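Each remark here refers to the structure printed beneath this line.
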Amino acid sequence: MKGLAFSKRNDLEVLRDPLNLFFGVGFPIVLLLLLTAIQANIPVAMFEIEHLAPGIAVFGLSFMTLFSATLIAKDRSSSFLQRLYTTPLTAGDFVLGYLLPIMPICVAQSVICYGVAVLLGLEVTVHIVTSILFTLPVALLFVSLGLLCGSIFTDRQVGGICGALLTNLTAWLSGIWFDLGLVGGAFQKIADLLPFVHAVEMERAALRGDTAGVFPHIWWVSGYAAAVTAAAVFAFLRQMKKQ
Amino acid sequence: MDAIKTVELTKNYKDLTAVDGLNLSVRQGELLSLLGVNGAGKTTTIKMLTGLTRPTSGDAFLNGRSVLTDSAAVKAMIAVSPQETAVAPNLTARENLELMAGVHGFPKAQARDKVTESIGRFGLGAVADKRAGKLSGGWQRRLSIAMALISGPQILFLDEPTLGLDVLARSELWDMIRALKGNMTVILTTHYMEEAEALSDRVAIMKSGRLLLTGAPAEIKQQAGTDKFDEAFVRVVKEGQP
């Protein structure tokens with residue numbers, strides 16, 4: 001009950017920020033429309049809707065890190081958290097209260113993304129539902145990354161790190177916009193060591209209905225999600241103690 | 001039983017002793033102002049009393065409950081209105097109050113009643129459904145205190161409640177704080193000497209982590225040999241003793 005009140009507050013804070021709505025929902029839709037339009041004129045296999053939609057679904061989730069981190073960093077800087085630390089809320093209430101409310105927003109974003117993709121020609125199959133379910137570990141990874149960054153950085157730093165750096169890393173190292181194999185070398189090796197390309201490949205496989213193709217990517221994504229979540233909980237509790 | 005009793009309460013940060021063996025008692029229903037120049041140890045004292053910081057040594061008891069061994073019980077009986085207006089900006093004033101009622105574990109129906117009562121008591125009706133972040137400083141401060149009080153705390157900590165407010169908003173907040181006297185124990189920190197003098201039953205003056213003296217404003221003026229409270233405060237702090 002206590003934790004629920006805090007979760008509800010966090011949900012409202014994120015959903016009522018118009019910038020969040022634009023970047024969370026509007027921007028992925030704009031990208032889908034734009035790239036589909038380009039694809040219609042200059043056909044590129046990369047931008048075919050069944051290839052593009054999973055990538056945009058993952059890329060859209062990277063903004064959740066920014067939302068989550070900004071919320072936490074602002075709460076820390078405004079002494080709002082200090083006020084709440086003097087209430088009966090427990091450490092678990094805080095961690096879950098920041099992580100859980102953003103997950104349904106992630107799912108809603110993925111539903112909208114695939115919904116728009118259907119309008120743009122994506123075949124309606126049960127695999128869309130599977131793909132949306134497979135976004136859950138990806139969502140946890142990005143939301144936890146937000147908790148981690150929000151616990152360490154100030155709200156200004158968060159804008160640069162999560163808003164610019166992370167979204168660019170996700171864009172460049174995920175294979176959404178170009179085939180990483182074309183670049184090869186160290187670039188591809190680094191990309192393969194990070195979770196972003198695995199998240200996209202996992203989603204693409206899920207949308208194809210290729211169960212075997214989901215592996216080993218899901219292990220990469222889940223492993224990163226678990227590690228980042230653990231680090232985020234540790235960082236949050238540490239700053240909580242410091243307060 | 002005292003509402004607050006500190007016993008040799010001490011906090012060290014590496015080489016710095018922020019609070020040094022503080023022994024302070026606050027009576028039930030009393031409004032005590034904690035005064036001191038920057039670095040005197042007021043904020044650290046408040047942080048220890050509210051469970052935000054663990055004392056290095058010593059202990060503090062709030063209505064008999066130790067901040068060291070019974071922090072959950074302490075948190076259930078206190079409320080804090082921080083110096084900065086700590087409100088959720090994208091929530092309405094009403095939702096902010098609902099949030100505080102919720103985190104204190106009130107059932108939905110009771111929370112709703114408490115929010116309605118609080119809106120009436122603090123005259124927040126005109127702004128109840130406006131987002132807190134859009135309210136003026138005075139309204140935000142008023143909301144902040146209402147948020148602190150919604151749980152019906154036995155002990156209230158007000159940290160610089162009127163900082164940066166205009167004369168009218170300050171006067172209105174003073175009236176609100178006066179109305180609390182006797183109903184609950186209030187610890188107030190402020191840099192405004194006229195505020196401490198107007199509102200306090202007693203003041204406690206700290207310097208370099210140590211308690212210099214406690215007493216009613218009139219007693220402190222008398223001991224310092226002046227009829228102006230701000231002068232008395234300066235003398236006490238400069239001389240280290242009245």
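These numbers were taken from a predicted model, which means no experiment stands behind them. In what follows, every chain begins at residue 1, and chains take the letters A, B, ... in the order their sequences are listed.
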Q. With a 4.5 angstrom heavy-atom cut-off, which part of B:Met100 approaches chain A: side chain, backbone, both or neither?
A. side chain
Q. Given a strict heavy-atom distance threshold of 4.5 Å, which part of B:Ala148 is in contact with chain A: side chain, backbone, both, or neither?
A. both
Q.
Is B:Ser81 in contact with chain A via its backbone, its side chain, both, or neither, using a 4.5 Å heavy-atom distance?
A. both
Q) chain A: which of B:Gly51, B:Ala86, B:Ala76 shares the most heavy-atom pairs with it under 4.5 Å? A) B:Ala86
Q. Between A:Asp93 and A:Thr90, do the side chains contain an N or O donor and an N or O acceptor separated by less than 3.5 Å?
A. yes
Q) Heavy-atom distance under 4.5 Å between the side chains of A:Phe63 and A:Phe22, does that happen here? A) no
Q) Can you say whether B:Phe106 sits under 4.5 Å from chain A via the side chain, the backbone, both, or neither, judging by heavy atoms? A) backbone
Q: Using non-hydrogen atoms and a 4.5 Å limit, figure out which bit of A:Leu15 sits close to chain B: side chain, backbone, both or neither.
A: neither
Q | Which atoms of B:Ala72 approach chain A - backbone, side chain, both or neither, heavy atom under 4.5 Å | A | neither
Q: May I ask you to say whether B:Lys114 pairs ionically with B:Glu117, meaning some side-chain N is under 4.0 Å from a carboxylate O?
A: no
**Q.** Plane angle bin for A:Phe94 and A:Phe6 - parallel if under 30°, tilted between 30 and 60°, otherwise perpendicular
**A.** perpendicular
Q) Looking at side-chain heavy atoms only, is the closest gap between B:Val186 and B:Lys181 below 4.5 Å? A) no
Q. Heavy-atom distance under 4.5 Å to chain A: side chain of B:Pro89, backbone, both or neither?
A. both
(Q) Between B:Arg131 and chain A, with a heavy-atom cut-off of 4.5 Å, which part of the residue counts as in contact: side chain, backbone, both or neither? (A) side chain
Q: Identify the two heavy atoms, one from A:Leu61 and one from A:Cys106, that lie closest to each other, and give their separation to 0.1 Å.
A: CD2-CB, 3.5 Å
Q | chain A contact via B:Ser144 - which portion, at a heavy-atom distance below 4.5 Å | A | both
(Q) Looking only at heavy atoms and a cut-off of under 4.5 Å, which of A:Ala5, A:Ser79, A:Gly97 has the most pairs with chain B? (A) A:Ser79
Q | A:Lys8/A:Asp11 ion pair, N-O < 4.0 Å | A | no
Q: Classify the side-chain pair B:Glu95/B:Asn90 by whether it contains a donor and acceptor separated by less than 3.5 Å.
A: no
Q: Output the option from B:Pro153, B:Ala88, B:Pro107, B:Ser71 having the highest count of non-hydrogen pairs under 4.5 Å with chain A.
A: B:Ala88
Q: Select one option (side chain, backbone, both, neither) describing which atoms of A:Ser7 are under 4.5 Å from chain B's heavy atoms.
A: neither
Q) To the nearest 0.5 Å, what is the distance between CG (B:Leu165) and CH2 (B:Trp174)? A) 11.5 Å
